[in-house]
Amino acid sequence: MKYRIIPVTPFQQNCTLLWCEQTGKAAVVDPGGDLPLIKAAIAEEGVTLEKILLTHAHIDHAGGTAALSHELGLTIEGPGHEDEFWIEGLPKQSQMFGFPNVDVFTPDRWLEEGDRVNFGEVQLQVIHCPGHTPGHVVFYHADSSLALVGDVLFQGSIGRTDFPRGDHATLIRSIKEKLLPLGDEIRFIPGHGPMSTFGQERLTNPFIASRFG
């Protein structure tokens, strides 16, 4: 599996294009907006986009979903059903944060812990990691030692928990019990900012490293 990170929206959210090297089939994770940038990346890589994958339904991650799905005839998989209220509130979110008006959508498939998503010959494991939002999921590709963690974990930080139905203790538990056990060598693409590894964050991230208390 190959990938390309495409920062989108004024929040510089890491939309990610994933594709199967054998078939050229692709998925886009968290198309928050700036669809011309996303479509240009798809054309430059010469891949065929099959579906949209969502980690969660905040505007900077899901804002472009309805338009992209409608334009290219793509299925939508994710996030967890617990994020439905965030999808229903996307128009209000767009007004609140100064984003272009967006349409509400219904995913073709809500995702749960242990599910698998596929494109081409690639299969990703779905890990439910609530705390930032209740339906937040992470996509993990063991063969590439790569995880797409949305806004659960960042280099040196963690996701906000002051939004509706966010919970700090739940987020920390998701990181420590769901993500870190995958292994120190696992690289991750966060929702914002640079990539890191679970090992680096376990040792140095002040929100989860034991040496910080």
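Only heavy atoms go into these numbers, but all of them, side chains included; no hydrogens, no water, no symmetry mates. Predicted, not measured: the structure shown is a model, and the values here were computed from it.
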Heavy atoms only: give me the nearest [X]-[Y] pair and the separation to one decimal.
X    : Y    : answer
V102 : G63  : CG1-O, 3.1 Å
G33  : I38  : O-CD1, 3.5 Å
L68  : L35  : N-CD1, 3.9 Å
L179 : C129 : CD2-SG, 3.8 Å
V117 : E77  : CG1-OE1, 3.1 Å

Item to complete: Could you give me the CA-CA distance, side-chain angles and deciding distance for D167 and T161, then say whether side-chain hydrogen bond (donor to acceptor under 3.5 Å, both in side chains) is met?
Response: CA-CA 5 Å; D167 185 84; T161 56; over 6 Å; no
Worksheet item: Would you call L17 and I42 a side-chain contact if the rule is heavy atoms closer than 4.5 Å?
Response: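 Heavy-atom side-chain distance check passes, below 4.5 Å.
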Worksheet item: Should the pair E82-R165 be classified as a salt bridge under the 4.0 Å nitrogen-to-oxygen rule?
Response: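 No, no charged N to carboxylate O under 4.0 Å.
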Worksheet item: Looking at E113 and K178, does any basic side-chain N land under 4.0 Å from a carboxylate oxygen?
Response: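 Looking at K178 together with E113, the answer is yes, because their closest N to O distance falls below 4.0 Å.
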Name each donor-acceptor pair under 3.5 Å that joins a side chain in residues 25-32 to protein atoms two or more places apart or in another chain, with its distance.
residue : atom : partner : partner atom : Å
D30     : OD1  : T55     : N            : 2.8
D30     : OD1  : T55     : OG1          : 3.4
D30     : OD2  : T55     : OG1          : 2.7
D30     : OD2  : H61     : ND1          : 2.8

I'd like to check the ring-ring contact (aromatic ring centres under 6.0 Å, His included) partners of [X]; sequence neighbours left out, ordered by chain and number.
X    : answer
F198 : F188
H136 : H56
F11  : F97, F99
W86  : H58

Discussion item. Suppose the criterion is ring-ring contact (aromatic ring centres under 6.0 Å, His included): which pairs have a residue in residues 64-83, not counting sequence neighbours?
Written reply: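 Sorted result for residues 64-83: H81-W110.
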Practice prompt. Could you go through the side chain to side chain contact (heavy atoms under 4.5 Å, CB included) check for L153 and E201 one step at a time?
Written response: CA-CA 9 Å; L153 180 66; E201 299 313 303; 4.2 Å; yes
With [X], which residues qualify under side-chain contact (heavy atoms from CB on, under 4.5 Å), at least two apart?
X    : answer
Q123 : R116, N118
D184 : R202
E121 : C20, Q22, T23

Worksheet item: Stepwise, does the side chain to side chain contact (heavy atoms under 4.5 Å, CB included) test hold for R109 with L111?
Response: CA-CA 6 Å; R109 179 188 179 199; L111 296 176; 3.7 Å; yes
About how many Å separate [atom2] of [Y] and [atom1] of [X], when rounded to the nearest 0.5 Å?
X    : Y    : atom1 : atom2 : value
L54  : K51  : CG    : NZ    : 12.5 Å
I158 : D151 : CD1   : CG    : 11.5 Å
I189 : I5   : CD1   : CD1   : 4.0 Å

Discussion item. Going by the rule salt bridge (Lys or Arg N to Asp or Glu O under 4.0 Å), which residues pair with R187 if we only count those two or more places apart in sequence or in a different chain?
Written reply: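 For R187 there are no salt bridge (Lys or Arg N to Asp or Glu O under 4.0 Å) partners, ignoring immediate neighbours.
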Got a list of side-chain donor-acceptor pairs under 3.5 Å for residues 137-146, not counting sequence neighbours?
residue : atom : partner : partner atom : Å
H141    : ND1  : S144    : N            : 3.3
H141    : ND1  : S144    : OG           : 2.6

Worksheet item: Who passes side chain to side chain donor-acceptor pair (under 3.5 Å) against N14, sequence neighbours left out?
Response: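 By the side chain to side chain donor-acceptor pair (under 3.5 Å) rule, N14 matches no residue at all.
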